[in-house]
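Have a look at the structure below, then the notes.
In what follows, chains are A, B, ... by sequence order, proteins preceding strands, each numbered from 1.
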Amino acid sequence: MADITETPIPLLRPATSTMRLVWLRIRRNWLSAIALAIIVAMILVALGADWIAPYEPDATDPDAALQSMSWHHWLGTDIYGRDLLSRIIHAARVDLTVAFGATAVALAIGSAIGAIAGHYRGLVDLVIMRCVDSVMAFPAFILAMAITAALGNSVGNVLLAIAITQIPTYLRLIRGEIFRIREMEYADAARVVGNPAWRIMFIHLLPNCLPPIIVQATLAMGYALLTMSALSFIGLGIQPPQSEWGSMTAEGAQYIVTGEWWLFLFPGLAIVIMVLAFNLVGDGLRDFLDPRMRGVR
Amino acid sequence: MNAASVVDVRGLSVRFASDRGEIEAVDAASFDVREGEILGLVGESGSGKTVTATAILRLIRKPGRQTGGSILFDGRDLARIPEDELQQIRGAKIAMISQTPRTSLNPLITVGRQVARLFQLHAGLSAADSRKRALEMLTLVGIPEPERRARQYAHQFSGGMCQRVMIAMALTTSPRLLIADEPTTGLDVSTAARILDLLRDLGARTGASILLITHDLGVVATTCQRVAVMHAGQVVEIAPVRSLFRQPAHPYTRALVRSIPRIDREIVMEPVPGSVPSLLNPPAGCRYAGRCPWVEDRCRREKPAMTPVAPEHFVACFAVEDGRAAAV
Amino acid sequence: MPPLCEVAGLKTHFPLRGPAAWLRALKDGKPPVVRAVDGVSFTLDPGETVGLVGESGCGKSTVARTLVRLVPPTAGSIRFDGEEISTLSDSGFNKVRPDLQMVFQDPTASLNPRLSVRRMVGEPLKLHTRLSPAERRERTDAVLEEVGLGADLADRYAHELSGGQRQRVNIARALVTNPRLLVLDEPTSALDVSLRARVILLLEELRQRHGLSYLFISHDLATVRYLASRVAVMYLGVIVEEAPAGELFDHPTHPYTRALLAAVPVPDPDAPRDPFVLSGEIPSPIDIPAGCRLRARCPMAQPVCAEPVPWREVAPGHFAACHLV
């Protein structure tokens, strides 16, 4: 019998350490890395708002009304003398909660229904997809407006409204991925060794759908933030005195003509920076999770 | 026998930068393709044969780059001439067909139009003339009912027919060199056989030389006049096809010939020992050293030069040079 | 010795869907079907390797997929170890699965990229046995060892393995439940020359050691000659010729077999070449001609070829479906 053993190829690791590779990858995507740092920082700020914010967000101070940027009030104050920086910091809580929460809810529901459609196909798929089509026939923002208008505008309802508008995206994405992956040979191999349907779905199919879903979810967080700010801006989202970037921007907009530009600029800037950060991280993840980008280019 | 070279590759080296270091995909490869011949470039995947072909067309993309050697075509070094002049050569004097003919065809334009457009573009023919020439071309590559087929789209063609169209397109400019990169991979045996028949026939009829890249020794034996064997980026043996199969000299070639089952008789099959070495920061010297039964210290330190063992038959191996590797 | 697996009159048809199919159904009065496998019969003895060869679209992979029930058969019988398995319920068929495994063509695509080698190879044990995790691990590592993979590879993922190693993992997964029949669907065609030789030798060694039976499906005729003791040639959903391997390759009688063998390039520039070729291409398995299915392409076709084709023994153990032999 001839020699049938094959000398195992060494993993391509020894030349450079894993940490170094991660560093190289980050360096190639430094913009996304900065964006990620911004998001992490904002989360920490939101969590520690009580300690970080120099003032109470709702503490009024008639003597300090409509002050511009100063050492006492870094970003100035509003007409009630509330510290803008403190309000922006506290608003991060609401904004990030809704951004992450809406995405999580949409992801969970969308994935579940998408997996069902992808698994059963046929009539079940047809019915689900026509429902999705009818949801998508509404412009997402109009739908979110309608839902908050109908349910009332608490944080929970805004979160739910945004989640509902995003469900179709995940649903279609997961369904498409399942359709693709279920035809892969490893899905067939899993069937041949006798896996029951649930194991095929949860062990073999769904985990392999994750990369595009993670990317989508990250991008969607930016979108959720934007939707909520827009809802608040037109008065259908979070209500004052609860501070929220969108409603703060709306309040600030009234003062542009009178010259108190900071009231509008800084909450708006917070929105822009965070949305941009989510998008950049999403783009970076897309590259990072692409198997073709792994290891040797 | 010693006809003029159409393309003469000398000491070609190509490297790719990667996160983990430099990958030397082609290491000082030298060979030439002569007037009117079919030269086979054989090797396993990762042997650098496709990279070599890409280098001839100067189409190596970043992070790869040619790090040495010259590619003489018509007496000029393709690696050094300006890009706009290269454009004149690429696609016109040197054409290429790939192993994925279907994706190389535009799905939205009829097949006849795609061929005709090349005549308009390169030969400056009128619309009517180019259409006529396109039909002639499709007939030449053996497409049945060319008038009807010319009005169809790529998706209505089978894999073999797509490859014929690709060949027709490659030949519109009467190239002097046709690079065929695994032209029959993915085709059924009988379709593949007819594509190879076509290539053999066209070489003789149009005078185009063909560089046929393949991993299949059967294809080489039935199609090529001369063969260059590549292993891990190095050309280890060049020989006329008969000489190569009768007296394979390099230990890799010998092992390769013994490792394939045959349809015409029972054989004892022996796999090539070891596995393809990593091209990441490869050691100096012969890259077959790690797998070679005749290896000695020198093989790991120095690179053997191509030395003649028979007329037109060259091999890069110290063991053969020293006569240690007795003929099989 | 009774055969291990006996397939008789197997048909696997797929209905066509979509507007074009509806139009055809209106025109022809019956819905169009793809007759991928259209009446295939063969037997497999214990310890035997039967080669099933043919070009793409001939239905050989569908035969494999029907055997392991990746697609349901339309008609015909599949007896495995004396038991009719084509009519079993899914749970009944699951009891047969440990004995009847399959290795797929693409070694990369058939491995789940998110499971470690050990988990993938151990999965059939988890599904079909009551072994404890420690026992499963022991058995898994033993099988990996047997296919030539060290235990240090067991924690790796598919992308950390070479092509040859991946196919070994696939073979190990199929072997872990000690099957009696392995369906090998082109297991070597995605591999490089030197790896192919190793996998072929490994398969042969495993067969001898465990008395396995193989249904070896391939378009690579040289490999089939090396591994198979008997070979069946498929064309357009049916078997057109069947014979012991040496006999079939040395004395092909069916025109299709002859053309197929003539097309294989032999790695010898001086080998004689049979110039026999068929015209045209394989027709669609929707519009199958009556009589001999090769009729339209065969250079030897006669009027009699339009009649139903007899299955004749042309030499001991050598059968062919052709009017002219």
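Taking the side chain as every heavy atom from C-beta outward, C:Leu153 and C:Arg168 never approach each other to under 4.5 Å. Looking at B:Leu211 and B:Thr52, their side chains never come closer than 4.5 Å, going by heavy atoms from C-beta outward. Looking at heavy atoms from C-beta onward, C:Ser194 lies in side-chain contact with B:Arg291 at the 4.5 angstrom threshold. Residues B:Tyr288 and B:Thr253 are not in side-chain contact: their nearest non-hydrogen atoms beyond the backbone lie 4.5 Å or more apart. Considering only heavy atoms from C-beta on, C:Gln167 stays 4.5 Å or farther from C:Leu195 through its side chain. C:Ser213 has its side chain out of reach of C:Leu182: every pair of non-hydrogen atoms, C-beta onward, lies at least 4.5 Å apart.
Between C:Asp185 and C:Ser61, the side chains place a donor N or O and an acceptor N or O closer than 3.5 Å (distance only, hydrogens not considered). Side-chain polar atoms of B:His231 and B:Glu44 form no donor-acceptor pair below 3.5 angstrom.
Of the listed residues (B:Ala193, B:Ala192, B:Ser259, B:Ser45), the greatest number of heavy-atom pairs within a distance under 4.5 Å of chain C belongs to B:Ser45. Counting heavy-atom pairs closer than 4.5 Å to chain B, the top-ranked of the candidates C:Val277, C:Val193, C:Val266, C:Leu221 is C:Val266. Chain B forms more heavy-atom pairs under 4.5 Å with one residue of C:Gly246, C:Ser189, C:Ala263 than with any other, namely C:Ala263. Between chain B and the options C:Leu260, C:Val264, C:Asp250, heavy-atom pairs under 4.5 Å are most frequent for C:Val264.
Between B:Tyr252 and B:His250, the ring planes lie perpendicular to each other; the angle is over 60°, past the 30° to 60° tilted range.
With salt bridges taken as basic N to acidic carboxylate O contacts below 4.0 Å, one links C:Asp268 and B:Arg246.
Within residues 142-164 of chain B, the residues having any heavy atom closer than 4.5 Å to a heavy atom of chain C are B:Ser158, B:Met161, listed by residue number. Annotation: residues 223-240 of chain C contacts chain B through C:Thr223, C:Arg225, C:Tyr226 [non-hydrogen atoms, separation under 4.5 Å]. Interface residues of residues 47-57 of chain C toward chain B, defined by a heavy-atom distance below 4.5 Å and sorted by number: C:Glu55, C:Ser56.
With hydrogens and angles disregarded, no donor-acceptor distance shorter than 3.5 Å links the side chain of B:Gln99 to the backbone of B:Gly186. Listed for the C:Arg166 side chain is a donor-acceptor partner under 3.5 Å among the backbone atoms of C:Ala158.
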Working for side chain to side chain contact (heavy atoms under 4.5 Å, CB included), residues C:Leu261 and C:Asp274: CA-CA 8 Å; C:Leu261 295 185; C:Asp274 182 356; over 6 Å; no
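No part of B:Val220 comes within reach of chain C, as not one of its non-hydrogen atoms sits under 4.5 angstrom from that chain. Neither the backbone nor the side chain of C:Ile282 has a heavy atom closer than 4.5 Å to any heavy atom of chain B.
Residue pairs meeting the salt bridge (charged side-chain N to carboxylate O under 4.0 Å, His left out) criterion with at least one member in residues 189-198 of chain B, sequence neighbours excluded, are B:Asp197-B:Arg200, B:Asp197-C:Arg273.
Heavy-atom minimum distance, B:Glu312 versus B:Arg34: OE1-NH1, 2.7 Å. Closest approach of B:Ala228 and B:Ile238 over heavy atoms only: CB-CG1, 4.0 Å.
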